[in-house]
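Notes to accompany the following structure.
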Amino acid sequence: MKLITILGPTATGKTKLAAHLAFRANGEIIGADSRQVFRKMNIGTGKDYEDYIVEGTLIPYHLVDIMEPGEEFSVFDFYKGFVSAFNEISGKGKLPILCGGTGLYLESVLKRYLLMEVPENIELRKGLSAKDENELIEILSGLKSLHNTTDTVCKDRLVRAIEIEYFHKENPAKQPQWPEFESYVFGVNYERSVVMKRITSRLKTRLDNGMVEEVESLIRSGVKKDRLKTYGLEYKYVTQYLEKEIDYNEMFRLLNIAIHQFSKRQMTWFRRMERNGINIYWIDGNMPIEDKVDL
RNA sequence: GGUACCAUAGCUCAGUUGGUAGAGCAACGGACUGAAAAUCCGUGUGUCGCUGGUUCAAAUCCCGCUGGUACCA
């Protein structure tokens, strides 16, 4: 079995390329984008349904529009979705094409992360519920090195993180059911200054196309503002604008910078993957879509 | 035309009584295994507008020039 991966920083036309490849090679797309999984988050996530249509044919896609905005979705949920989509596609004799820009999700597949279903541990939870946040942070940092504070902002997440670490310690031998595949990874990229220009002009288009209204309607439908802010970028800054924390020009300026920085962080992931032995065949974004020859 | 003020990092600016410069933002590099578009760590990148002078020593004081801002004509 083969797995083709198409990755790259934001605003480089990955989806379009993946769709053309799928059209040519009888494939289906598996999204590796942590924000496009949410329905009704379209303009802000750069979800463009047109991209999936090649010469009038709709290319089937997976792991896009599978959650309601505001719901929880994690690498593990992605992993499960990936495995079942991969099996379904290859079961039909078609070619799975993983396409997206979320480094963690891509790496979880390409480096075959050890991820297992971790059941709730009632007994452990009972013991932990008596402790305060600082004690929990201490316990967690004894189990793993803490790289971020997303795990430690609230008690629920702390308890869950500890639960997962305990489970891994107690069940070290359990390997997840990874499908076997020959992996080919392609990266789409432009010179950094070009990516930045593309980001800026795309941001203008998005605003003209109703991005602010999209966020407004998410808020109206009951998505919490704090939740929107954790979605980052467009959702964070537009929410701040709607909250009148910043004015329109400031929103544009800060958001534009934040997306530039995001694309840089994405490249950090890709470089690291290469250092860790994943071969990425880079494709110049300026090249016409006819670079599917590489199959 | 006259007077005053300003000119320091990519940007906005600090820089005490002279001892060859430093913050914020940007930029750049990195980390990352259950929210990852999140979260966090590291790095100063400089003809101190130009020219001449005073001084052991000038971003700092003086002359002139250039550019800008404000006010007076």
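Note that the structure is predicted; figures quoted are calculated from it, not measured. Letters go in sequence order (proteins before strands), and every chain restarts at 1.
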Separation of A37(B) P from Leu233(A) CG (nearest whole Å): 8 Å

Steps toward salt bridge (charged side-chain N to carboxylate O under 4.0 Å, His left out) verdict (Lys16(A), Glu50(A)): CA-CA 9 Å; Lys16(A) 205 163 194 170; Glu50(A) 293 286 305; over 6 Å; no

Touch class at under 4.0 angstrom, heavy-atom based, for Ile259(A) against every strand present: nothing

Touch class at under 4.0 angstrom, heavy-atom based, for Thr10(A) against every strand present: nothing

Row check, Phe181(A) ring normal vs Arg112(A) NZ/CZ: under 6.0 Å, within 45°: yes

Leu255(A) CG - A26(B) P separation (whole Å): 13 Å

Interatomic distance at P, U45(B) relative to G52(B), whole Å: 27 Å

pair Glu234(A)-Ile259(A): side-chain heavy atoms closer than 4.5 Å: yes

Glu72(A) versus Met67(A), closest heavy-atom pair with distance: O-CE, 3.2 Å

Whole-Å C1' distance, U8(B) and G49(B): 10 Å

Side-chain N,O (Tyr105(A)) to OP1/OP2 (A36(B)) below 4.0 Å: yes

Whole-Å distance separating the CG atom of Leu104(A) from the P atom of U33(B): 7 Å

Same-atom distance (C1') from C50(B) to U66(B), integer angstrom: 7 Å

Pairwise C1' distance, A37(B) and G24(B) [rounded to whole Å]: 25 Å

Euclidean distance, atom CG of residue Leu110(A) to atom P of U33(B) [Å, nearest integer]: 17 Å

Separation of U33(B) C1' from Leu115(A) CG (nearest whole Å): 6 Å

Short side-chain N/O contact from Arg271(A) to OP1 or OP2 of G29(B), under 4.0 Å: yes

Any-strand Watson-Crick or G-U partner of U16(B), both distances under 3.5 Å: none

Nucleotide nearest Ser74(A) when distance is taken to its side chain, options G34(B), A38(B), C28(B): G34(B)

G18(B) and A59(B), which share atom name P, separated by this distance in whole Å: 13 Å

Who pairs with A4(B) - Watson-Crick or G-U, where each distance is under 3.5 Å: U69(B)

N or O in side chain of Arg192(A) less than 4.0 angstrom from C28(B) OP1/OP2: yes

G-U wobble or Watson-Crick pairing nucleotide for U39(B) (cut-off 3.5 Å, both distances): A31(B)

Heavy-atom side-chain proximity of Arg271(A) to Thr268(A) below 4.5 angstrom: yes

C1'-based separation of A27(B) from C72(B) [nearest Å]: 44 Å

Between A38(B) (P) and Asp33(A) (CG): distance, integer Å: 12 Å

Residues clustering with Tyr61(A) (ILVMFWY side chains joined when closer than 4.5 Å, directly or via others): Phe23(A), Ile29(A), Tyr49(A), Tyr52(A), Ile53(A), Val54(A), Leu58(A), Ile59(A), Val64(A)

Short side-chain N/O contact from Gln261(A) to OP1 or OP2 of A27(B), under 4.0 Å: yes

Sugar-phosphate only, base, or nothing, as touched by Thr230(A) at under 4.0 Å among non-hydrogen atoms: base

Proximity to the side chain of Met196(A) - top-ranked nucleotide from A27(B), A37(B), G34(B): A27(B)

Under-4.0 Å side-chain N/O to phosphate OP1/OP2 contact, Arg35(A) with A36(B): yes

Distance test, side-chain N/O of Lys264(A) to OP1/OP2 of G29(B), below 4.0 Å: yes

Integer angstrom distance from the P of A9(B) to that of A23(B): 16 Å

Short side-chain N/O contact to U33(B) OP1/OP2 from His147(A), under 4.0 Å: yes

Touch class at under 4.0 angstrom, heavy-atom based, for Phe78(A) against every strand present: nothing

Contact nearer the 5' end of RNA chain B, comparing Met267(A) with Ile257(A): Ile257(A)

Phosphate-side-chain proximity, Arg265(A) and A37(B), N/O vs OP1/OP2 below 4.0 Å: no

Any Thr268(A) side-chain N or O less than 4.0 Å from OP1/OP2 of A31(B): no

Separation of atom CG in Leu254(A) from atom C1' in C11(B), rounded to whole Å: 14 Å

Separation of U39(B) P from Leu158(A) CG (nearest whole Å): 16 Å

Side chains of Ser74(A) and Asp77(A), donor plus acceptor under 3.5 Å: yes

